[in-house]
Amino acid sequence: MTTRVIIVDDQAMVRAGFAALLAAQSDIDVVGDAPDGVQGLELSRRTHPDVVLMDVRMPEMDGLEAARRLLDPPPGVTHRPKVLMLTTFDVDDYVYEALRAGASGFLLKDAPPADLISAVRVVAAGEALLAPSVTRRLIADFARRRPAPRKDRAALRLNGLTPRETEVLELIARGLSNQEIADTLVLAEQTVKTHIGRVLAKLELRDRAQSVIFAYESGLVTPGEG
């Protein structure tokens, strides 16, 4: 199955380079590119991509606002692509906010080509790109600098999880992969996937990225702990 991708970035050379790299893959089809968030929204609504590579800082409309509009579309718009944020900064508040809005992760622009290709495939498959240590550092750093969150509602939502599901959520937030969680809890990897699905459903979260945000903001995981 081919993954349809659009690239939204204000640098023409970045768009061209990423497009050439991705189009060379037999399972990826680059269906367009745009220089800013406004045109990126229009292009996405017209071409219905599976994945949008979205730069953070752009004129007219930045990537954060564009991601919000793509992931929370107006009534009548049913298409909602996966959004992978692109940035030149390894700690960027805008990227954190994009993750809260439902983006599936982010990638540094200077990442190796193989990482970009892998990121598109991972996000298209419905997973969140949270493996790189820089992503965990991003979330932990921002959470450390935020005022203490109001935890009452979050605590009530946590109470709906079983002890095992709570353990799984904590390990997700610490950046462990499914296999690492399985090894830690001595479970089959498929069992871990089942637990993750239940955690997302009970907490009404879109994906793994939002589960990490929730774990930090609810106080289940404290930045710098563990």
Side-chain angles (χ1 to χ4, degrees), residues 3-25 28-124 128-130 132 134-135 137-139 141-143 145-146 206-207 209-210 212-213:
T3 298
R4 294 166 57 82
V5 176
I6 66 171
I7 302 163
V8 185
D9 192 291
D10 61 341
Q11 299 180 45
M13 289 186 66
V14 170
R15 298 198 305 273
F18 284 179
L21 177 66
L22 294 173
Q25 311 306 308
I28 298 175
D29 184 13
V30 178
V31 296
D33 64 81
D36 60 58
V38 172
Q39 294 184 53
L41 275 173
E42 295 173 351
L43 179 64
S44 179
R45 301 266 162 80
R46 189 170 67 249
T47 60
H48 290 186
D50 301 301
V51 177
V52 177
L53 295 182
M54 181 77 75
D55 188 20
V56 173
R57 301 176 185 272
M58 294 181 291
E60 301 298 329
M61 181 190 291
D62 65 25
L64 173 59
E65 181 60 27
R68 283 179 178 145
R69 296 191 188 192
L70 283 175
L71 296 167
D72 187 18
V77 177
T78 57
H79 177 253
R80 194 166 71 179
K82 307 293 185 186
V83 176
L84 178 61
M85 305 302 295
L86 298 169
T87 181
T88 55
F89 307 95
D90 60 356
V91 174
D92 191 312
D93 294 354
Y94 285 105
V95 183
Y96 176 89
E97 293 297 337
L99 290 174
R100 293 188 69 207
S104 295
F106 86 101
L107 191 70
L108 295 178
K109 287 186 180 180
D110 60 359
D115 286 2
L116 174 64
I117 296 167
S118 175
V120 169
R121 290 171 176 156
V122 166
V123 169
L129 193 69
L130 289 172
V134 66
T135 306
R137 192 166 70 248
L138 163 78
I139 296 170
D141 181 74
F142 194 87
R145 291 184 285 111
R146 286 172 61 87
R206 286 196 187 102
D207 56 25
Q210 287 204 325
V212 173
I213 300 297

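All of these numbers come straight from a predicted model, not from anything done at the bench.
The shortest non-hydrogen separation linking Asp55 to Met85 is O-CE, 4.2 Å. When all heavy atoms of Ser104 and Val123 are compared, the pair lying nearest together is CB-CG1, 3.8 Å. The shortest non-hydrogen separation linking Met58 to Asp36 is SD-CA, 3.8 Å.
Here the straight-line distance linking atom CG of Asp62 with atom CE of Met54 works out to 9.5 Å at 0.5 Å rounding. A distance of 12.5 Å separates OG1 in Thr3 from CD1 in Ile117, rounded to the nearest 0.5 Å. Leu116 CG to Leu84 CG: the interatomic distance, rounded to the nearest 0.5 Å, is 7.5 Å.
A donor-acceptor pair under 3.5 Å is absent between the side-chain atoms of Ser118 and the main chain of Ala114, judged by distance alone.
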List the atom pairs, donor and acceptor, that lie under 3.5 Å between side-chain atoms in residues 5-17 and the rest of the protein, sequence neighbours left out.
residue, atom, partner, partner atom, Å
Asp9, OD1, Gln11, N, 2.7
Asp9, OD2, Lys109, NZ, 2.8
Arg15, NE, Asp33, OD1, 2.9
Arg15, NH1, Asp9, O, 2.6

Side-chain donor-acceptor pairs under 3.5 Å in residues 64-78, sequence neighbours left out?
residue, atom, partner, partner atom, Å
Glu65, OE2, Arg69, NE, 2.9

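Take His79 and apply the side-chain contact (heavy atoms from CB on, under 4.5 Å) test, not counting sequence neighbours, and it matches Ser44, His48, Pro49, Pro81.
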Check your understanding: Between Arg4 and Asp50, is a side-chain contact (heavy atoms from CB on, under 4.5 Å) present by the stated rule, with each step listed?
Key -> CA-CA 5 Å; Arg4 294 166 57 82; Asp50 301 301; 3.5 Å; yes

